[in-house]
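These numbers come from the heavy atoms of this one structure, side chains and all, not from hydrogens, waters or symmetry mates. Since the model is a prediction, treat every value here as computed from it, not as a measurement.
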Amino acid sequence: MSTLAQFLARRIALQGPISIATYMAEALGHPQHGYYMRQDPFGRDGDFITAPEISQMFGELIGLWCVEMWRLMDQPTRFQLVELGPGRGSLMADALRAARVRPEFHSAASAHLIESSPALRALQQQRLQHAGVGITWHDDLVQVPAGPMILIANEFFDALPIHQFERRPEGWRERMVSFADDKFTLALNRHVTPQAVLIPEALTRAAPAGAIAEICPAGIAIAAAIADRIAEFGGAALIIDYGHCRHSTANTLQAMRNHAVHEFLADPGGADITAHVDFAALADAARAAGIHGPISQGDFLRRLGIEFRAMQLSQRATVAQARDIDSACKRLIDPSEMGTLFKVLAISHPDMAVPPGFEQPVETA
Ligand code: SAH
């Protein structure tokens with residue numbers, strides 16, 4: 001058994017079963033043995049691959065989106081460019097390179113990266129050393145200095161710990177992680193637990209017996225903090241992740257290792273654990289500011305011109321490279337790949353014009 005598994009088993013023996021949120025927080029974020037603390041999990045050789053690692057086009061288009069938002073903010077001479085969970089730093093690097101089209105944007109920006117993993121902070125520093133803007137790292141959004149802000153978060157919210165509840169005849173009961181016969185197992189808490197108050201009314205009304213409610217208090221708190229900041233100082237945020245537009249009663253907890261699904265209780269710290277993002281809950285928490293979307297990633301990237309950018313890159317490429325560019329573009333926007341599962345939500349100051357990509361309402365599942 002791994003050191004982290006032993007630590008969790010001992011904790012359960014002493015204190016009783018722990019919530020899935022506690023298990024997830026330790027499995028991902030334990031200072032020594034947490035999944036993100038130990039290694040670089042991204043890319044073809046890692047456990048999963050994210051959009052900015054698939055293609056530079058993703059970060060470039062988001063960089064241009066940021067420039068346009070800065071223009072709509074009346075071009076403040078100083079603002080914070082914030083990223084939550086920057087991974088390898090590729091998105092920020094590509095975004096800042098594309099944003100060089102407006103030198104004034106570059107000179108106004110100071111970058112603030114929210115990253116809990118020292119290993120990933122080191123990778124980000126290396127990747128961004130020639131990015132041309134000052135960079136500061138923080139543990140938490142509250143540490144970012146006050147002022148106008150443009151924030152981006154790709155595949156950050158899915159890594160935040162969730163609580164899971166099961167609908168029983170007597171009400172919602174929380175699923176807990178317990179330890180027996182040398183393995184972690186799930187058990188329902190017989191008592192009502194405090195996070196149950198966060199379960200949306202609409203779910204309670206419609207949920208059949210056995211339905212699952214997933215609640216992410218950390219995500220709700222961060223979305224509210226982003227909206228409060230934007231309402232007070234101006235700015236915009238772009239949240240991209242896999243998830244659903246309406247509250248769902250599905251069990252979406254999943255673990256990934258070597259690009260394959262892995263049992264999430266099998267090896268805490270050894271695999272990535274995520275849950276689909278409840279965009280309705282984030283939008284609800286961010287009501288202090290203006291909300292746009294969620295729309296599908298496919299619609300968003302297509303409207304920002306990804307197909308045109310792919311064509312442009314292909315013209316300067318070899319035949320093999322052009323094939324790669326084309327398949328990366330498809331992977332990002334095709335409904336059978338990332339195009340529909342991934343959603344994009346924008347939060348902006350209520351006085352601002354509609355952000356690029358969100359102009360027309362679109363129907364998403
Ligand atoms: N945005 C990147 C990486 C996504 S993985 C990409 O698209 O490739 C999630 C990232 O969030 C990692 O960098 C991880 O270390 C970081 N992270 C996860 N939970 C965090 C938390 N609570 N606080 C700060 N960073 C966190």
Side-chain angles (χ1 to χ4, degrees), residues 8 11-12 15-29 84 114 116 139-142 153 156-178 184-232 237 239 241-254 264-265 273-291 293-294 343 345 347:
L8 289 171
R11 181 164 169 181
I12 292 168
Q15 300 177 353
I18 55 175
S19 67
I20 287 178
T22 301
Y23 177 88
M24 199 171 159
E26 296 288 358
L28 296 178
L84 305 180
I114 315 300
S116 51
D139 294 323
D140 202 295
L141 182 62
V142 295
F156 170 78
F157 283 83
D158 67 69
L160 298 176
I162 59 147
H163 294 262
Q164 265 194 348
F165 294 84
E166 194 177 310
R167 187 70 179 160
R168 310 284 299 177
E170 65 274 25
W172 291 104
R173 291 293 179 271
E174 184 160 3
R175 301 176 90 192
M176 310 294 285
V177 178
S178 131
F184 295 99
T185 53
L186 288 179
L188 271 198
N189 197 324
R190 277 180 289 131
H191 306 287
V192 177
T193 44
Q195 283 77 16
V197 299
L198 292 171
I199 299 172
E201 267 293 306
L203 271 194
T204 301
R205 274 197 304 272
I212 298 289
E214 294 181 336
I215 303 300
C216 183
I220 291 171
I222 294 171
I226 293 171
D228 287 347
R229 230 170 216 275
I230 288 174
E232 186 170 356
I239 296 172
D241 224 308
Y242 45 94
H244 31 266
C245 295
R246 297 187 192 89
H247 301 306
S248 144
T249 51
N251 178 357
T252 73
L253 202 61
Q254 62 174 19
F264 90 98
L265 291 173
I273 304 178
T274 66
H276 284 204
V277 172
D278 180 352
F279 278 94
L282 296 188
D284 202 37
R287 271 179 318 214
I291 301 291
K343 312 288 191 301
L345 176 76
I347 302 171

Sequence neighbours excluded and cut-off under 3.5 Å, please list the side-chain donor-acceptor pairs for residues 192-203, or say none.
{"from": "Thr193", "atom 1": "OG1", "to": "Glu174", "atom 2": "OE1", "distance (Å)": "2.7"}

Nearest heavy-atom approach of Ile347 to Ala286 is CD1-CB, 3.7 Å
So CZ of Phe184 and CE of Met176: to nearest 0.5 Å the spacing works out to 13.5 Å
In this structure, CD1 of Ile162 is separated from CD1 of Ile273 (nearest 0.5 Å) by 10.0 Å
Go through the steps to decide whether Val277 and Ile239 satisfy the test side chain to side chain contact (heavy atoms under 4.5 Å, CB included), and finish with yes or no.
CA-CA 10 Å; Val277 172; Ile239 296 172; 5.7 Å; no
**Q.** Asp241 (side chain) donor-acceptor with Phe157 (main chain) under 3.5 angstrom
**A.** yes
Exercise for the section: Keeping the roles fixed (side chain from Arg229, backbone from Ile226), state whether a donor-acceptor pair exists under 3.5 Å. Expected result: no
Exercise. Hey, are the side chains of Ile18 and Glu26 touching, using non-hydrogen atoms and a 4.5 Å cut-off?
Worked result: no
- Derivation of the side chain to side chain contact (heavy atoms under 4.5 Å, CB included) call for Arg11 and Thr22: CA-CA 11 Å; Arg11 181 164 169 181; Thr22 301; 3.5 Å; yes
Residues Leu282 and Ala223: closest non-hydrogen pair is O-CB, 3.8 Å
Distance col, row His163:NE2 vs Arg175:CZ, nearest 0.5 angstrom, shows 14.0 Å
Here the pair of heavy atoms bringing Tyr23 nearest to Leu265 is OH-CA, 3.3 Å
Here the gap from Ile215 atom CD1 to Ile20 atom CD1, rounded to the nearest 0.5 Å, amounts to 12.0 Å
Heavy atoms of Ala288 and Asp228 approach each other most closely as CB-OD1, 3.6 Å
Nearest heavy-atom approach of Ala159 to Leu28 is O-CD1, 3.2 Å
Query raised in the report: Side chains of Thr252 and His244: does their closest heavy-atom pair fall under 4.5 Å?
Result: yes
The reported gap from OG in Ser19 to CZ in Phe165 (rounded to nearest 0.5 angstrom) is 8.5 Å
task = Check whether any side-chain N or O of Glu166 sits under 3.5 Å from a backbone N or O of Leu188 as a donor-acceptor pair, and report yes or no.
result = no
| Any side-chain heavy atom of Leu253 within less than 4.5 Å of one from Ile212? | no
Heavy-atom nearest pair, Lys343 first then Cys245, reads CE-SG, 3.6 Å
* To do: Taking the side chain as every heavy atom from C-beta outward, state whether Asp278 and Glu214 have any atom pair closer than 4.5 Å.
  => no
Taken to the nearest 0.5 Å, the spacing of Asn189 CG from Ser178 OG works out to 11.0 Å
Open item on the list: Are the side chains of Leu186 and Val177 in contact, using a 4.5 Å heavy-atom criterion?
Closed with: yes
Under 3.5 Å: donor-acceptor pair, side chain of Tyr242, backbone of Asp158:
no
